[in-house]
Asker: 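This is the structure I have questions about; it appears just below.
Chain identifiers are assigned alphabetically (A, B, ...) following the order of the sequence lines, protein sequences preceding nucleic acid strands; residue numbering begins at 1 within each chain.
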Amino acid sequence: MSKKSNKIIAIVGPTASGKTEWAKKLALKFNGKVISADSRQIYRGFDIGTGKDKSFRQDLIDIIEPFEKFTVWDYQQLASNLVNQYFSMKSLPIIAGGTGLYLYAVLYGYILPGVKKESDELRKKLEKLSENTLYEKLKKIDLAAADKIDPKNKRRVIRALEVSILSKKPFSEFQKKLKPKFKTLIIGIKTDRETIYSKIDARVEQMVKDGLVEEVRGLIKKYQSDLPAFNTIGYKEIIDYLRGKTTLKESILNIKNNTHSYVRRQETWFKKNKDIKWVSRYEDAEKLTHKFLKK
RNA sequence: GCCGGGUUAGCUCAUUGGCAGAGCAGUUGACUGAAAAUCAACGUGUACGCAGUUCGAUUCUGCGACCCGGCA
């Protein structure tokens, strides 16, 4: 068992590809512990719409209230701690989820700029400026970052500016990695578009039958609906319906379509990564794990 | 059967007497503290068919087909 003590498995793939299921089975088979890497399942009460699986023990699910702030940084801390804890317990950490940024922050040891997002005053000032002004500002301070970020992507331009201004160091100089002290096997679940799309569509219908509308109604009654947590596929569309902006039918269609394009974004994120071993059958994942643990 | 309205991109629909364009869908890409977020790129299709008017018709006229209303 000691062989496992610095090894970690990651399972990636688009939403509805079965990551959680695979992780669950691998955990059973190899004495593993599943750590979720999902930026939405962290919220308590967001159950049906995020497709939470509560049938087994999984870390980093239901860890905060919808009004609490949570970022990659928090995720990185929590997940890394768990990984180390499992190493010392001689169990195998299995990280599974669809949030690429979260996964990579842990797996590749991203060094996140030590500047908190909620530097409210500066942020409020920046948010009032136009895209153009912001971008010109960034060009002056950090040309390398400006080159990489689209001028119209206000969110990312602001963050780059914020980090550069508050740390007095260009944002682009932070973009470093600290090679983690563990060996990783990243398993990617291979799927084809058509299959995953129809799986998603069926799942959305099921979510509605399971009471998604009621879940959202309850949540917006309890919390302010402009929280970042509600900017989630499956929730924002139902909110539109509850406010009369769309019919339920339209809202369901929107959930399906938005999930489809989410799948595309996820695939773009993982596609170019040469470390990922893509397989389409669970048995192959098991074989890969076997080999990996023997090494 | 009669009277209207319609037939244009996978879908919903614009538009124009000089060989057509939006939204959605779809596809591609970026991504280091909101990431299920945020942002960028990609539009040739027999303009229902046939005939006529015209230098030129998808646009006007006629006939036909199909669809949707209303009246019988």
Side-chain angles (χ1 to χ4, degrees), chain A residues 14-16 19 36-43 46 48-52 64 66-78 97-120 123 127 131 134-135 142 144-164 166-167 169-178 193-194 196-197 200-201 203-204 207 226-238 246 250 253-273:
Chain A
T15 193
K19 298 179 293 290
S36 158
D38 189 302
S39 70
R40 303 295 141 165
Q41 297 193 0
I42 55 168
Y43 297 115
F46 282 56
I48 300 169
T50 63
K52 246 178 232 171
I64 60 166
F67 55 82
E68 291 182 274
K69 283 203 170 131
F70 191 87
T71 69
V72 212
W73 188 86
D74 299 295
Y75 181 80
Q76 194 184 35
Q77 301 293 307
L78 294 172
T99 307
L101 182 64
Y102 283 15
L103 249 347
Y104 285 10
V106 175
L107 298 179
Y108 295 109
Y110 279 17
I111 299 172
L112 300 163
V115 176
K116 278 196 185 159
K117 196 205 142 244
E118 52 269 49
S119 46
D120 354 276
R123 191 150 261 267
E127 254 149 25
E131 286 165 8
L134 288 167
Y135 193 65
D142 187 350
D147 259 359
K148 272 187 84 176
I149 302 174
D150 191 281
K152 287 189 187 153
N153 200 336
K154 209 169 164 181
R155 184 111 104 209
R156 298 194 51 235
V157 172
I158 287 180
R159 165 99 278 238
L161 273 171
E162 179 179 60
V163 171
S164 304
L166 292 179
S167 69
K169 248 177 79 180
F171 177 68
S172 55
E173 280 181 27
F174 284 99
Q175 322 261 324
K176 285 174 186 155
K177 294 174 187 173
L178 208 161
R193 285 281 164 84
E194 244 176 273
I196 203 82
Y197 284 0
I200 284 164
D201 295 349
R203 201 166 82 159
V204 172
M207 283 176 180
D226 58 350
L227 290 166
F230 286 111
N231 196 184
T232 295
I233 299 171
Y235 292 80
K236 53 184 174 190
E237 299 86 351
I238 296 293
T246 57
E250 285 167 338
L253 217 210
N254 290 341
I255 296 176
K256 291 176 182 171
N257 290 156
N258 289 336
T259 310
H260 296 176
S261 69
Y262 173 49
V263 165
R264 276 177 245 135
R265 268 177 280 134
Q266 286 179 307
E267 286 185 350
T268 301
W269 181 280
F270 294 121
K271 210 181 272 178
K272 63 186 172 192
N273 187 335

Asker: May I ask you to say what A:Gly49 touches in the nucleic acid, namely base, sugar-phosphate or nothing, with a heavy-atom cut-off under 4.0 Å?
Answerer: base

Asker: Identify which one of A:Asn257, A:Thr259, A:Asn258 satisfies the side-chain hydrogen bond (donor to acceptor under 3.5 Å, both in side chains) criterion when paired with A:Glu237.
Answerer: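 Passing option: A:Asn258.
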
Asker: Taking only the C1' atom of each, what is the distance from B:rA22 to B:rU15 in whole angstrom?
Answerer: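 Taking atom C1' in both B:rA22 and B:rU15, they lie 10 Å apart.
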
Asker: Please tell me if A:His260 has a side-chain N or O lying less than 4.0 Å from either OP1 or OP2 of B:rG26.
Answerer: yes

Asker: Using the P atom as the point on both nucleotides, what is the distance between B:rG5 and B:rC63, in whole Å?
Answerer: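 Comparing P positions in B:rC63 and B:rG5 gives a spacing of 14 Å.
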
Asker: Check side-chain hydrogen bond (donor to acceptor under 3.5 Å, both in side chains) between A:Asn254 and all other residues, then give those that pass, not counting sequence neighbours.
Answerer: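 A:Asn254: no side-chain hydrogen bond (donor to acceptor under 3.5 Å, both in side chains) contacts found.
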
Asker: Between A:Gln41 and A:Ser36 (side chain of the first, backbone of the second, donor and acceptor by atom type, cut-off under 3.5 Å), is there such a pair?
Answerer: no

Asker: Separation of A:Gln41 atom CD from B:rA35 atom C1', in whole Å?
Answerer: 15 Å

Asker: Tell me every residue that passes ring pair (Phe, Tyr, Trp, His ring centres under 6.0 Å) with A:Trp73, counting only those two or more places apart in sequence or in another chain.
Answerer: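 For A:Trp73, no residue satisfies ring pair (Phe, Tyr, Trp, His ring centres under 6.0 Å) once neighbours in sequence are set aside.
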
Asker: A:Tyr197 near the nucleic acid: base, sugar-phosphate alone, or nothing, with a heavy-atom cut-off under 4.0 Å?
Answerer: sugar-phosphate

Asker: In whole angstrom, give the distance that lies between atom CG of A:Asp201 and atom C1' of B:rG26.
Answerer: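 So the two atoms are 13 Å apart, to the nearest Å.
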
Asker: For nucleotides B:rU46 and B:rU58, find the distance between their C1' atoms and express it as a whole number of Å.
Answerer: 11 Å

Asker: Among B:rA35, B:rU38, B:rU27, find the nucleotide with the atom closest to the side chain of A:Asn231.
Answerer: B:rU38

Asker: Under the 3.5 angstrom rule, does the side chain of A:Asp74 hit a backbone N or O of A:Thr71 as a donor-acceptor pair?
Answerer: yes

Asker: Given B:rU38, B:rA25, B:rA35, which nucleotide is nearest the side-chain atoms of A:Asn258?
Answerer: B:rA25

Asker: Please give the distance between the C1' atoms of B:rC50 and B:rA65 as a whole number of Å.
Answerer: 11 Å

Asker: If you look at every strand shown and take non-hydrogen atoms under 4.0 Å, does A:Phe171 touch a base, only sugar-phosphate, or nothing?
Answerer: sugar-phosphate

Asker: Could you give the CG-to-P distance, from A:Leu134 to B:rC39, as a whole number of Å?
Answerer: 14 Å

Asker: Give one of base, sugar-phosphate or nothing for A:Thr50, where a contact means two heavy atoms less than 4.0 Å apart.
Answerer: base

Asker: Nearest of B:rU32, B:rA25, B:rA35 to any side-chain atom of A:Lys177?
Answerer: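 Given the options B:rU32, B:rA25, B:rA35, the side chain of A:Lys177 is closest to B:rU32.
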
Asker: Using the test salt bridge (charged side-chain N to carboxylate O under 4.0 Å, His left out), find all partners of A:Arg193 that sit at least two apart in sequence or belong to another chain.
Answerer: A:Glu267

Asker: Provide the distance between the two P atoms, one in B:rU12 and one in B:rA25, to the nearest whole Å.
Answerer: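 That atom pair is separated by 15 Å.
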
Asker: Between A:Glu131 and A:Val157, is there a side-chain heavy-atom distance shorter than 4.5 Å?
Answerer: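 Of all side-chain heavy-atom pairs linking A:Glu131 with A:Val157, none is under 4.5 Å.
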
Asker: Can you list the residues that meet the salt bridge (charged side-chain N to carboxylate O under 4.0 Å, His left out) rule with A:Glu250, with sequence neighbours excluded?
Answerer: none

Asker: Students often get this wrong, so: under 4.0 angstrom with heavy atoms, is A:Asp38 touching a base, only sugar-phosphate, or nothing?
Answerer: base

Asker: Over how many whole Å does the gap from A:Gln266 atom CD to B:rC31 atom P extend?
Answerer: 17 Å

Asker: Just how far, in rounded Å, is C1' of B:rG23 from CG of A:Asn254?
Answerer: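 Taking atom C1' of B:rG23 as the reference, CG of A:Asn254 is at 12 Å.
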
Asker: Using a 4.0 Å heavy-atom cut-off, does A:Leu253 contact any base of the nucleic acid, only the sugar-phosphate backbone, or nothing at all?
Answerer: nothing

Asker: Under 4.0 Å between any heavy atoms, over every strand shown, what does A:Glu127 touch: base, sugar-phosphate, or nothing? Just pick one.
Answerer: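 Base contact - A:Glu127 has a heavy atom under 4.0 Å of at least one base atom.
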
Asker: Roughly how far apart, to the nearest Å, are B:rC3 and B:rA9 at atom C1'?
Answerer: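 Taking atom C1' in both B:rC3 and B:rA9, they lie 33 Å apart.
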
Asker: Taking ring pair (Phe, Tyr, Trp, His ring centres under 6.0 Å) as the definition, give me every residue that meets it alongside A:Tyr235, ordered by chain and number, with sequence neighbours left out.
Answerer: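 Per chain and number, A:Tyr235 pairs via ring pair (Phe, Tyr, Trp, His ring centres under 6.0 Å) with A:Phe46.
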
Asker: Measure from CG on A:Asn257 to C1' on B:rC11 and round the result to the nearest Å.
Answerer: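 In whole Å, B:rC11 C1' and A:Asn257 CG are 11 Å from each other.
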
Asker: Would you tabulate the pairs of protein nitrogen or oxygen atoms and nucleotide nitrogen or oxygen atoms of nucleotides 40-42 of chain B closer than 3.5 angstrom?
Answerer:
unit_1: B:rA40; atom_1: O4'; unit_2: A:Asp150; atom_2: OD2; d: 3.4

Asker: Roughly how far apart, to the nearest Å, are B:rC48 and B:rU8 at atom P?
Answerer: 6 Å

Asker: So what does the secondary structure string of RNA chain B come out as, 5' to 3', with Watson-Crick or wobble pairs under 3.5 angstrom, [ ] for crossing and | for pairs with another strand?
Answerer: (((((((..((((....[..)))).(((((.......))))).....(((((..]....)))))))))))).

Asker: To the nearest Å, give me how far apart OH (A:Tyr262) and C1' (B:rU38) are.
Answerer: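 After rounding, the gap between these two atoms is 14 Å.
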
Asker: When the C1' atoms of B:rA57 and B:rG52 are compared, how many Å lie between them, rounded to an integer?
Answerer: 11 Å

Asker: Output all residues satisfying ring pair (Phe, Tyr, Trp, His ring centres under 6.0 Å) with A:Tyr135, sequence neighbours left out; order by chain, then residue number.
Answerer: none

Asker: For A:Arg40 and for A:Pro151, find the nucleotide of RNA chain B with the closest heavy atom, then tell me which residue's nucleotide is more 5'.
Answerer: A:Arg40

Asker: So do the side chains of A:Leu78 and A:Phe70 get within less than 4.5 Å of each other, counting heavy atoms only?
Answerer: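 A side-chain contact exists here, since the closest heavy-atom pair is under 4.5 Å.
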
Asker: Assign each of A:Pro113 and A:Lys236 to its nearest nucleotide of RNA chain B by heavy atoms, then name whichever residue's nucleotide is nearer the 5' end.
Answerer: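 Nearer the 5' end of the strand: A:Pro113.
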
Asker: Could you pull out all residues at least two apart from A:Lys154 that satisfy salt bridge (charged side-chain N to carboxylate O under 4.0 Å, His left out)?
Answerer: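 Salt bridge (charged side-chain N to carboxylate O under 4.0 Å, His left out) check on A:Lys154 returns nothing, list empty.
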
Asker: Using whole Å, what does the distance between atom P of nucleotide B:rG33 and atom CD of A:Gln175 come to?
Answerer: 7 Å

Asker: For A:Tyr262, give me all partners under ring pair (Phe, Tyr, Trp, His ring centres under 6.0 Å), at least two apart in sequence or on another chain.
Answerer: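 Ring pair (Phe, Tyr, Trp, His ring centres under 6.0 Å) check on A:Tyr262 returns nothing, list empty.
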
Asker: Counting any heavy atom closer than 4.0 Å, what does A:Tyr75 reach on the DNA or RNA strands: base, sugar-phosphate only, or nothing?
Answerer: nothing

Asker: Residues two or more places apart in sequence or in another chain: which of them pass side-chain hydrogen bond (donor to acceptor under 3.5 Å, both in side chains) with A:Thr232?
Answerer: A:Arg40

Asker: Any N/O pairs under 3.5 Å between the protein and nucleotides 28-30 of chain B? List them or say none.
Answerer:
unit_1: B:rU28; atom_1: OP2; unit_2: A:Arg193; atom_2: NH1; d: 2.9
unit_1: B:rU28; atom_1: OP2; unit_2: A:Arg193; atom_2: NH2; d: 3.0
unit_1: B:rG29; atom_1: OP2; unit_2: A:Lys271; atom_2: NZ; d: 2.8

Asker: Report yes if a side-chain nitrogen or oxygen of A:Tyr110 is closer than 4.0 Å to either non-bridging phosphate oxygen (OP1 or OP2) of B:rA35; otherwise report no.
Answerer: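 No, A:Tyr110 has no side-chain N/O under 4.0 Å of OP1/OP2 on B:rA35.
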
